[in-house]
Structure formats: structure tokens, C-alpha cells
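These values consider heavy atoms only, across backbone and side chains, with no hydrogens, waters or symmetry-generated copies. When a residue number appears, it is its place in the shown sequence, counting from 1.
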Amino acid sequence: MSSFAKDFSKAMSQAGTSPFQETIKQELEYSMKTELDKILETAPQHELQHTKKDLEGFQKLFHRFLQEKGPSVDWGKIQRPPEDSIQPYEKIKARGIPDSIASVLNKLVVVKLNGGLGTSMGCKGPKSLIGVRNENTFLDLTVQQIEPDLPLLYIHHSIAYTLENGTACIVTACDRIFGIFVKAFNPPGPLELWYPRINKESLLPVAKDVSYSGENTEAWYPPGHGDIYASFYNSGLLDTFIEDGKEYIFVSNIDNLGATVDLYILNHLMNSPNGKRCEFVMEVTNKTRADVKGGTLTQYENKLRLVEIAQVPKAHVDEFKSVSKFKIFNTNNLWVSLSAIKRLQEQNAIDMEIIVNPKTAVGAAIKSFENSLGINVPRSRFLPVKTTSDLLLVMSNLYSLNAGSLTMSEKREFPSVPLVKLGSSFTKVQDFLRRFESIPDMLELDHLTVSGDVTFGKHVALKGTVIIIANHGDRIDIPPGAVLENKIVSGNLRILDH
């Protein structure tokens with residue numbers, strides 16, 4: 001570790017500030033600026049201005065990092081949000097929708113955070129191109145959900161150049177076939193921000209030149225969802241949409257198949273009952289034990305604030321995970337005023353949280369906006385696909401597909417979703433698909449755990465609690481037509497009775 005970094009680490013562990021601490025910070029900032037200037041000199045002329053903006057943004061973030069120590073929230077200041085600051089969806093829905101739907105839709109831009117290479121599911125290509133239902137990918141379903149002529153943008157927020165290449169033909173095809181205004185978020189020059197990674201010992205950039213891409217993730221990283229505001233502003237698209245009469249953006253992750261345009265929420269935004277429009281709406285939903293790590297809305301210094309688990313002091317992590325104390329979590333479905341983004345960007349007033357990892361959360365900006373609101377939406381608006389266990393659920397007969405939207409089947413007697421845990425043999429999409437001749441009937445399933453070398457034949461039905469464990473060296477083949485209800489299967493078996 002460098003002497004500066006050692007001294008900084010030691011100094012920051014002490015309470016208060018001192019001339020010594022300030023000297024260390026100044027030396028680190030000077031060293032960082034020197035290194036960033038060297039990197040900037042390697043930028044091609046046509047990328048110079050863009051790269052300069054990126055590095056200036058990073059330098060501001062680094063300055064804040066040096067000024068702040070420990071978790072970024074004071075746990076003692078966290079309070080339960082006022083009752084009217086998180087509205088039940090039923091109350092919003094009761095207001096209905098305007099007679100002319102077009103009158104509100106033409107004020108909206110839909111933004112999909114088209115991120116992720118699907119590495120958690122063993123994919124080399126874009127996760128958004130994984131087949132979900134009837135060979136429809138995430139991108140296909142997204143396009144099917146959107147009304148004709150409604151602007152739709154895909155933002156590549158944490159992805160490599162391969163994703164841009166992989167989705168380019170899809171986006172072009174969507175534009176031709178559906179007549180929807182689809183814009184890959186790539187105006188001249190790279191729009192996505194890239195920040196240099198810093199060495200944890202020296203606190204200086206790993207990168208020595210400008211070569212950020214998906215092939216150089218050791219030296220550069222995209223800062224995550226949180227760059228959307230600066231990206232919109234710096235690209236000129238913010239002004240373009242405002243000039244075109246657009247007033248709000250609806251932002252969601254492309255792998256959340258429940259995040260469709262909701263006319264009730266949009267109507268509430270456009271026709272606020274108190275005449276004071278919300279600048280920022282975050283959709284939250286009731287927490288289950290599977291969501292204990294999800295960010296939650298709190299009242300903090302008289303403002304709604306999103307608190308992520310990485311910001312919580314270690315002594316309070318268990319309290320943060322409490323389902324009884326923090327009952328809702330952020331779905332990352334956001335509705336944001338375009339004019340408010342413009343105002344705050346011009347004032348340099350969007351205060352994002354610093355979380356010491358390569359990502360920032362787009363919802364963290366909620367505290368910077370006026371008249372912010374949380375809406376407690378049904379669980380059906382949060383249907384993310386992060387793993388093959390999630391993929392199994394959305395591919396099954398638990399859901400019906402209509403115009404790109406997945407809804408819980410009316411034949412399902414319980415509103416809750418089954419808990420599914422697939423073992424490491426199912427992690428990769430290719431292996432997952434190979435192990436199912438067809439997706440089982442899961443309408444009456446409560447819990448499924450599968451571990452080891454297990455395969456499923458056609459037309460298998462799973463009911464109640466089913467646990468299937470093939471020990472190391474063993475294999476279990478569930479035969480076609482088998483009905484497993486409240487069964488535990490282990491060892492090296494072939495099930496014959498069904």
C-alpha cells in the first residue's frame with residue numbers, strides 16, 4: 001500500500017478532522033488529478049470532450065469519497081416515512097384514467113435499462129436476448145408492451161460493447177416491424193459513462209489510457225443506473241424530448257417483466273389531485289423474506305430517501321433486513337419529471353449516494369426531487385428474472401402472456417409465487433434448457449428445490465412441496481407424465497409410479 005493510502009486509511013479511522021487528514025486528502029486529490037490528466041491525453045480527438053466530462057464526473061465522485069467516511073447514512077436519523085408519502089396503488093387506481101388515453105401517453109418516454117450480459121446465468125451474450133416465452137426474448141416482450149408511437153429507449157447501463165452489437169439488429173427490426181420510435185441510446189460518441197477503477201491500495205486509477213470497453217473491465221467500469229440523468233442531459237436527448245412536449249420518463253429494468261406502462265400511475269402524475277405534480281415516483285412493493293436485501297424508502301432529514309443495504313452500518317444490517325420493520329422495497333420502476341431532471345442537472349444538484357462498489361442506484365436521486373412519492377404496487381409489477389430459478393417461473397403455466405405482459409394465471413388458486421431453488425447444475429441457461437423436455441405444470445406448486453444431476457421429462461406436474469436431490473455421482477430422471485405432490489426424492493432413482 002502506498003504511504004499516502006496507508007496514512008489516509010489510518011487518519012480516516014480516527015474521529016473528527018485534523019490538518020494531517022486534510023493534507024492527506026489534498027495529496028490524494030492532486031495525485032488523482034495528475035493521473036486523470038495523463039489518461040485524458042490518450043483520448044482520441046473525437047472523444048476528447050466526452051472523455052473529459054466522464055473524468056470530471058469521476059473526480060467529483062472521488063472528492064466526495066475522500067470527504068465521507070463509513071456508511072453513508074446515520075442510522076439514528078432514519079425514520080418511518082409519513083403515511084401519505086407512500087400511497088397504496090388501490091387509491092391511485094381509484095382515480096381512474098382519462099377519457100383520452102393519448103392525452104397522457106403522448107407526454108411519456110419509456111426507458112428500459114438494458115443491462116447485463118447474463119453472466120449469472122452463464123450467458124456470453126446479452127441477457128436481454130434470452131428466450132423467455134414462446135421464443136420471445138426480453139426485448140421482444142418489451143416492444144410488444146409498448147403502444148405505437150410511444151418513444152422507447154434502451155439504455156446500455158452496465159454492459160459491454162457486445163451487448164450493443166447483439167441488440168442492434170433487434171432494435172432495427174423492431175423499428176421496421178412495429179413502427180415504434182426505438183432509439184439505441186448511442187448518439188455520436190459513446191453515451192454510456194465509464195469511470196476508471198481505482199486500486200484499493202494506492203487509491204489511484206488502474207487505467208493508464210483511454211481504452212474503455214467491455215473487454216477492459218479490469219480498468220474501467222460503468223457507474224450503473226445512476227448515470228441516466230447525466231447521460232440524458234449531456235446527450236441532448238433531454239432537451240429534444242422536452243421540446244417535443246414530453247414530460248415524464250418511466251424507467252425500469254428490462255429483465256423486470258412486470259414493469260409495464262401503468263395508465264393509472266401516469267394519470268395521477270399528469271392530473272395530481274392537489275394540483276402539485278410529483279417530480280419523482282418510486283414504485284415499491286411488499287417485502288418477503290426473499291427480498292430482505294432490497295433497498296427501502298425511509299424518511300431521512302425530512303426527505304424521502306432510498307437506503308441500500310451497502311449503506312447500512314454493520315450493527316444494523318439485521319434490523320434493515322427485518323420484514324416487520326421495513327415492509328416495502330424498491331422495484332426500480334421509476335417515474336421522473338424531465339423538466340425536474342433538467343433543472344437539477346443545470347444546478348448540479350442531483351445528489352447520488354456513494355456506495356463503495358462499481359454501481360450507483362438510479363432511485364438514489366429521489367431525495368433531490370421535490371414532492372416525491374412512493375406507490376405501493378402489487379407484486380405483479382415486480383417480476384425480475386435474475387436466475388434460471390426465476391426463468392423457470394416465467395416460462396411455466398403460472399403466467400399467461402398477453403401483448404407482451406405476463407399475468408398470473410387465473411387457474412392459480414394462490415396469489416403468491418412458488419419458491420424455486422435450482423442447484424448449480426441448472427445455473428447456465430443452456431444446461432437449464434437441456435434438463436427440461438418441457439416446463440412442468442406448476443399451478444399448484446408451493447416450493448421446489450432441485451439439486452444435482454436431475455432431468456425432467458415431458459408433461460411433469462409439481463404440486464405442494466417437492467424436493468429432489470441427486471447425490472454426487474447419482475442421477476435422477478423424472479419420467480414423462482410424472483405427478484410429484486409433497487414428495488422428497490433422493491439418491492439414484494427413476495420414478496415409475498405416476
Side-chain angles (χ1 to χ4, degrees), residues 80-112 142 145-147 150-151 246-253 256-288 291 294-299 303-306 326-341 362-384 402-408 415-417:
R80 190 183 302 274
E83 203 167 302
D84 61 350
S85 66
I86 301 180
Q87 296 281 339
Y89 178 76
E90 292 73 19
K91 184 176 180 180
I92 303 298
K93 188 175 181 179
R95 297 192 61 218
I97 58 177
D99 294 334
S100 174
I101 294 176
S103 67
V104 291
L105 279 179
N106 63 14
K107 303 292 185 182
L108 183 68
V109 177
V110 179
V111 177
K112 288 293 181 178
T142 297
Q145 294 168 5
I146 304 299
E147 294 286 333
L150 186 62
K246 308 303 178 187
E247 298 185 21
Y248 283 92
I249 55 172
F250 171 52
V251 185
S252 62
N253 294 338
N256 179 5
L257 296 175
T260 58
V261 173
D262 187 284
L263 294 175
Y264 298 106
I265 295 177
L266 182 56
N267 180 54
H268 181 81
L269 290 171
M270 300 302 302
N271 301 289
S272 178
N274 60 9
K276 187 177 181 181
R277 285 192 177 184
C278 295
E279 291 187 348
F280 196 111
V281 165
M282 176 183 291
E283 293 185 36
V284 297
T285 196
N286 291 339
K287 186 189 291 187
T288 69
D291 314 305
T296 192
L297 274 183
T298 65
Q299 182 82 351
K303 286 246 182 182
L304 274 182
R305 177 164 175 170
L306 174 66
F326 297 101
K327 298 181 179 182
I328 51 94
F329 71 99
N330 172 29
T331 66
N332 213 44
N333 300 344
L334 310 172
W335 305 75
V336 192
S337 163
L338 290 171
S339 60
I341 295 175
V362 65
I366 189 171
K367 65 178 181 178
S368 300
F369 290 81
E370 297 298 325
N371 199 26
S372 298
L373 179 69
I375 297 180
N376 193 346
V377 298
R379 185 76 183 200
S380 58
R381 289 191 59 75
F382 184 68
L383 191 57
N402 182 28
S405 298
L406 292 177
T407 55
M408 183 71 74
S416 60
V417 177

*So do the side chains of V336 and I341 get within less than 4.5 Å of each other, counting heavy atoms only?*
yes
_Contact between L338 and I249 at the side-chain level, heavy atoms closer than 4.5 Å - yes or no?_
yes
*Any side-chain heavy atom of R305 sitting closer than 4.5 Å to one from T298?*
yes
*Measuring from R95:CZ to N271:CG, what's the distance to the nearest 0.5 Å?*
6.5 Å
*asked:* Treating N286 as the side-chain partner and I328 as the backbone partner, does any N or O pair qualify as donor plus acceptor under 3.5 Å?
replied: no
*Looking only at atom types and distance, does a side-chain atom of K287 sit under 3.5 Å from a main-chain N or O of F326, one as donor and one as acceptor?*
yes
*asked:* Are the side chains of Q299 and P82 in contact, using a 4.5 Å heavy-atom criterion?
replied: yes
*Hey, is the main chain of S252 close enough, under 3.5 Å, to the side chain of K112 for a donor-acceptor pair?*
no
*Say you draw a straight line from CG of N253 to CG of L383; how long is it, rounded to the nearest 0.5 Å?*
12.5 Å
*Sub-4.5 Å side-chain heavy-atom contact between V417 and M408*: yes
*If you measure only the distance, is there a donor-acceptor pair under 3.5 Å linking the side chains of N333 and N256?*
yes
*Is it true that a side-chain atom of R277 and a backbone atom of M270 form a donor plus acceptor pair closer than 3.5 Å?*
yes
*Carboxylate-amine/guanidinium proximity below 4.0 Å for K303 and E370*: yes
*State, yes or no, whether a side-chain contact exists between I92 and D262 at a heavy-atom distance under 4.5 Å.*
no
*asked:* Return the CG to CD distance between L334 and E283, rounded to the nearest 0.5 Å.
replied: 8.0 Å
*Is the side chain of T331 donor-acceptor paired with the backbone N or O of F382 at a distance under 3.5 Å, no angle test?*
no
*Side chains of I265 and Y89: does their closest heavy-atom pair fall under 4.5 Å?*
yes
*Using a cut-off of 6.0 Å, state whether more than 12 heavy atoms not belonging to D84 lie near its atom CG.*
yes
*asked:* If I take atom CG from residue D291 and atom CZ from residue R379, how far apart are they, to the nearest 0.5 angstrom?
replied: 4.0 Å
*Give, for atom CG of N376 and atom CD of Q87, the distance between the pair rounded to the nearest 0.5 Å.*
10.5 Å
_From CG (L266) to OG (S103), nearest 0.5 Å_ = 8.5 Å
*Side chains of H268 and V281: closer than 4.5 Å at any heavy-atom pair?*
no
_Determine whether a donor-acceptor pair (N or O, by modelled atom type, separation under 3.5 Å) exists between the side chain of N330 and the backbone of L306._
no
